[in-house]
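Reviewing the structure listed below.
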Amino acid sequence: MRIEEIMRKNIVTIQPSTTIGEALLLLRANRIRHLPVIEKDSLVGIVSDRDLRDALPSRLLTHDDDDTVLHKPVANIMNQQVITAHPLDFIEDAALQLYEHKIGSLPIVEGNRLVGLITESDLFSSLIELFGVNKPSSHIEVEVDDRVGMLAEVSQVFRDAQVNVTSVVVFPGKKPAKKNLVFRIQTIDPRIVTQLLLEKGFSVIGPTEGGIFQ
């Protein structure tokens, strides 16, 4: 899935001259956490709710000039080294960017023109849909040898059982030269499929008696 399919296109933006107080009001009014900073149609920075909180004086201490902070421009605190992505990047690439850089959002740009924004919650929602856990389904995990063709062999069992697979994830097994295939299938009772897998000689990790998701 490409980023352009899930990115937010209606983005609240600010300018470098926008005050910290105005930025705070925009965050609260729109219930968002990040404000891209635009100057002459180009992305020049980004401000997060954390940046704004860090800029505010402590509530435990009072100073005569506390109010002046709210009137300072966000140019003083914005992050100018913005990590971005392109609309045609894959969502897993975006997830990696967020993970590696420990950030909560990615401005999406074409050239230096802002065309969208993607956040952690956007990616999380998309992954939930991709894995099919937002629909009635069952989870089956199969341990297989780490060799070519094993996914096709296991998938043939689902075909024989006339059960549709909504998602599959492959990850290294706990044993050497093994992989685990995690399927989500469109049935609320996986026992028939589990039995067929066992009859074909496959090692079913789960479910045992439970494992039904609705």
Does Thr84 reach the main-chain N or O of Pro107 with its side chain, forming a donor-acceptor pair under 3.5 Å?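 Pair absent, no side-chain N/O of Thr84 close to backbone of Pro107.
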
Donor-acceptor under 3.5 Å (Asp122 side chain, Thr119 main chain):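 Side chain of Asp122 to backbone of Thr119: a pair is present.
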
If you round to the nearest 0.5 Å, how far is CD of Glu22 from NE2 of His71?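 The distance works out to 8.5 Å.
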
Hey, could you give me the CG/CD1 distance between Leu123 and Ile91, rounded to the nearest 0.5 Å?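 If we round to the nearest 0.5 Å, Leu123:CG and Ile91:CD1 are 6.5 Å apart.
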
Identify the two heavy atoms, one from Val74 and one from Gln15, that lie closest to each other, and give their separation to 0.1 Å.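 Between these two residues, the closest heavy atoms are CG2-O, 3.3 Å.
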
Where Ile20 and Val69 come nearest, the two heavy atoms and their spacing: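 Closest heavy-atom pair between Ile20 and Val69: CD1-O, 3.5 Å.
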
Of the options Lys200, Arg147, Arg159, which is the one that meets Glu153 in a salt bridge (Lys or Arg N to Asp or Glu O under 4.0 Å)?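 When salt bridge (Lys or Arg N to Asp or Glu O under 4.0 Å) is applied between Glu153 and each of Lys200, Arg147, Arg159, only Arg147 qualifies.
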
For Glu110, is there an ion pair with Arg113 - N to carboxylate O distance below 4.0 angstrom?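 Between Glu110 and Arg113 there is a salt bridge, with a charged N closer than 4.0 Å to a carboxylate O.
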
Does the distance from a Lys or Arg side-chain N to an Asp or Glu carboxylate O, for Asp89 and Arg2, drop under 4.0 Å?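 A salt bridge is absent here (no side-chain N lies under 4.0 Å from a carboxylate O).
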
My understanding is that only one of Leu117, Ile118, Leu114 makes a side-chain contact (heavy atoms from CB on, under 4.5 Å) with Ile108; could you say which?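 Result for side-chain contact (heavy atoms from CB on, under 4.5 Å) with Ile108: Ile118.
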
Residue from Thr166, Asn164, Val163 passing side-chain contact (heavy atoms from CB on, under 4.5 Å) with Ile185: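 Passing option: Val163.
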
Would you tell me whether Gln97 and Asp93 have side-chain atoms, one donor and one acceptor, within less than 3.5 Å of each other?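 No, because no side-chain N or O of Gln97 sits under 3.5 Å from a partner of the opposite role on Asp93.
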
Is Leu35 reachable from Val37 through a run of hydrophobic residues whose side-chain heavy atoms are each under 4.5 Å from the next?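 Yes, one cluster joins them.
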
Steps toward side-chain contact (heavy atoms from CB on, under 4.5 Å) verdict (Phe90, Leu96): CA-CA 10 Å; Phe90 293 105; Leu96 181 61; over 6 Å; no

